[in-house]
Amino acid sequence: EFNGSSDFIKIPYTTNVILWGKFSIEMWAKKRLNDATTYQVLASNNGGTTGSWVIYFDDGRVQWTVTDFETINANSVNSGKWHHIVVTHDNTSAANNTVVYIDGSQRGSNNASDPYKLTSGRDILIGRRAPGNFFNGTIDNFRIWNSSLSASQLYSNNMKGSNVITGEATTAGQDWW
């Protein structure tokens with residue numbers, strides 16, 4: 001539960017969690033009903049001027065932004081209701097594909113011609129972006145994956161409301177966070 005003014009979770013930077021190449025950020029979120037604040041951050045890599053990322057609500061829409069590169073606007077969502085929100089990214093292929101899913105359905109994407117570089121070495125903040133922009137609501141089951149989850153994996157996670165790893169998610173000896 002985040003109060004919209006001071007609550008957040010900080011995941012200190014570690015080389016074990018680097019958002020590069022293929023990754024997915026997954027969570028369940030419920031924005032507090034009747035909160036008039038338009039810009040509320042679900043998660044970020046603690047600001048910065050280049051290579052920073054943020055997932056946020058803006059006027060009821062879920063958005064993914066990488067500083068100096070792209071913004072993906074997804075559809076509007078209802079406040080006061082739980083939503084399964086996922087951003088997947090794969091810049092290891094020619095497509096450089098980033099996709100935003102809401103409640104198991106693709107709601108926005110970008111195929112960049114030039115892969116952007118996310119800056120590592122920053123903390124991950126859940127419910128805030130420095131220097132403010134707090135989230136007013138609840139975030140649950142926040143996960144960072146070192147793979148770009150497939151649509152079927154995300155649909156399964158959304159329908160079950162839990163972490164479901166299907167056969168192609170990992171291989172023997174592969175690390176995942």
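Predicted model, so just to flag it, every value in this text is computed and none were measured.
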Worksheet item: Can R143 and M27 be said to form a side chain to side chain contact (heavy atoms under 4.5 Å, CB included), step by step?
Response: CA-CA 6 Å; R143 299 178 191 102; M27 72 190 85; over 6 Å; no
Item to complete: May I ask you to test the F23-W145 pair for a side-chain heavy-atom distance under 4.5 Å?
Response: no
Worksheet item: Any luck finding a side-chain donor-acceptor pair between S156 and Q153 under 3.5 Å?
Response: no
Worksheet item: Taking S24 for the side chain and S147 for the main chain, is one N or O donor matched with an acceptor at less than 3.5 Å?
Response: yes
Item to complete: Check the angle between the aromatic planes of F57 and F135 and answer parallel, tilted or perpendicular using the 30° and 60° thresholds.
Response: parallel
Worksheet item: Is there a donor in the side chain of E26 and an acceptor in the side chain of N157, or the other way round, less than 3.5 Å apart?
Response: yes
Worksheet entry | Heavy-atom check, side chain of V86 versus side chain of V100, under 4.5 Å | no
Worksheet entry | Any residue meeting side-chain hydrogen bond (donor to acceptor under 3.5 Å, both in side chains) with T138, in chain and number order, not counting sequence neighbours | E1
Worksheet item: Can you check whether F2's main-chain N or O pairs, donor with acceptor, with R32's side chain at less than 3.5 Å?
Response: yes
Worksheet, complete the sentence: Smallest heavy-atom separation, S148 atom then H89 atom, equals CB-O, 3.4 Å
Worksheet, complete the sentence: Residues at least two apart in sequence or cross-chain that pass ring-ring contact (aromatic ring centres under 6.0 Å, His included) with H84, listed by chain then number, are W28
Worksheet entry | Derivation of the side chain to side chain contact (heavy atoms under 4.5 Å, CB included) call for I55 and V41 | CA-CA 6 Å; I55 303 169; V41 173; over 6 Å; no
Fill in: Pair T88, Y101: side-chain N/O donor-acceptor within cut-off below 3.5 Å
no
Practice prompt. Give a yes or no on whether the backbone of R128 and the side-chain of S44 come within a donor-acceptor separation of less than 3.5 Å.
Written response: yes
Fill in: Results of side-chain hydrogen bond (donor to acceptor under 3.5 Å, both in side chains) for K10 - residues two or more places apart only
D123
Worksheet, complete the sentence: Rounded to the nearest 0.5 angstrom, the CG-CG distance for N136 and N3 is 7.0 Å
Fill in: Worked check of side chain to side chain contact (heavy atoms under 4.5 Å, CB included) between L42 and I85
CA-CA 10 Å; L42 294 163; I85 300 168; 3.8 Å; yes
Worksheet item: Quick one: does D58's side chain have a donor or acceptor within less than 3.5 Å of a partner on Y39's backbone?
Response: no
